[in-house]
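If you're wondering where the values come from, they're calculated on a predicted model, not measured in any experiment.
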Amino acid sequence: MNALTMENPIFVTYAVTAALMILKLMGQGWMTVYRMLKIDGGLASPEDLRPGLINRNPDPSQLEVNDYVDRSRRMHRNDLENIPAFLACGLLFVVTGPGFLLANILMWGFVGARLLHAVAYASKQSHEVRATFYTIGSVIVIVMAIYVLVSAAF
């Protein structure tokens, strides 16, 4: 059986979890835009003050850091630091042919950890709470990477 087909249940798990993480990553960018539009502020660059269809009356105060917008921007940056590693490592992991249960625990565990991290960040939980969910996701990717290395070496 080819590892990268929908006939492989481990690849199906990867495909579903990867698609969910891609939607999370892209959705967070749109959430930041929504928040910027909602408050008419939190813009990131001086050139954003040029008049346009959406920003008809630019004001320098729109460049001030706004926690409502910046929180979403930080969440997006955090996703950009973590989700691509899962996407790359997860695909390599599938190719190694891990057990179905192990693959599901790790891949769904990563999704759960990232979603709980997002909830913790959005609800202004302490760094310790966020770090717990970050750590779970990070350790999962590290375990998958080590699994790939061991599989490739032996």
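Between the CD1 atom of Ile140 and the CD1 atom of Ile105 there is a distance of 9.5 Å, given to the nearest 0.5 Å. The distance from atom CD1 of Ile54 to atom CG of Leu37, rounded to the nearest 0.5 Å, is 5.5 Å. To the nearest 0.5 Å, the span separating CE on Met144 from CG on Leu102 amounts to 9.5 Å. Atom CZ in Phe86 sits 9.5 Å away from atom CD1 in Ile22 (nearest 0.5 Å). Expressed to the nearest 0.5 Å, how far CE of Met31 lies from CZ of Arg71 amounts to 13.5 Å. The CG atom of Asn104 sits 14.5 Å away from the OH atom of Tyr14 when rounded to the nearest 0.5 Å.
Other residues, nucleotides and ligands contribute more than 12 heavy atoms inside 6.0 Å of the OH atom of Tyr68.
Contact detail for Ser45 and Leu63: the closest heavy-atom pair is O-CD2, 3.3 Å. Considering all non-hydrogen atoms of both residues, Met36 and Val69 come closest at CG-CG1, 3.4 Å. Minimum heavy-atom separation, Ile10 to Asn8: N-OD1, 2.9 Å. Thr5 approaches Phe11 most closely through the heavy-atom pair O-CD2, 3.3 Å. Minimum heavy-atom separation, Arg130 to Gln125: NH1-O, 3.0 Å. Considering all non-hydrogen atoms of both residues, Pro9 and Phe100 come closest at CB-CE1, 3.6 Å.
When hydrophobic clusters are built by joining Ile, Leu, Val, Met, Phe, Trp and Tyr residues whose side-chain heavy atoms come closer than 4.5 Å, directly or via intermediates, Val33 is not grouped with Met26. Val95 and Ile142 are members of different hydrophobic clusters when ILVMFWY side chains are connected at heavy-atom separations under 4.5 Å. Hydrophobic cluster membership differs between Leu49 and Leu53, with clusters built from Ile, Leu, Val, Met, Phe, Trp and Tyr side chains linked at under 4.5 angstrom. Both Met6 and Leu87 are members of a single hydrophobic cluster when ILVMFWY side chains are connected at heavy-atom separations under 4.5 Å. Hydrophobic clustering, with ILVMFWY side chains joined whenever heavy atoms are under 4.5 angstrom apart, keeps Phe93 apart from Leu149.
The shortest distance between side-chain heavy atoms of Pro51 and Arg56 does not fall below 4.5 Å. Residues Trp108 and Val16 meet the side-chain proximity criterion, which asks for heavy atoms closer than 4.5 Å. The closest side-chain heavy-atom distance from Thr17 to Phe110 is not below 4.5 Å. Looking at Met107 and Val94, their side chains come closer than 4.5 Å, going by heavy atoms from C-beta outward. Side-chain contact check for Arg50 versus Asn55: every heavy-atom pair is 4.5 Å or farther apart. Contact of the Leu4 side chain with the Leu91 side chain is registered, since non-hydrogen atoms from C-beta on lie closer than 4.5 Å.
In this structure, a donor-acceptor pair under 3.5 Å is present between the side chains of Asn78 and Arg114. A donor-acceptor pair shorter than 3.5 Å can be found between the side chains of Gln62 and Asp40.
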Test side-chain contact (heavy atoms from CB on, under 4.5 Å) applied to Gln28 and Leu80, step by step: CA-CA 10 Å; Gln28 194 63 55; Leu80 286 166; over 6 Å; no
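Listed by first and then second residue, the salt bridge (charged side-chain N to carboxylate O under 4.0 Å, His left out) pairs involving residues 16-33 are Lys24-Asp79 (not counting sequence neighbours).
For the salt bridge (charged side-chain N to carboxylate O under 4.0 Å, His left out) test, residues two or more places apart in sequence or in another chain that qualify with Arg74 are Asp67, Asp70.
The aromatic rings of Tyr121 and His117 stand perpendicular to each other, their planes meeting at an angle above 60°, with 30° marking the opposite boundary.
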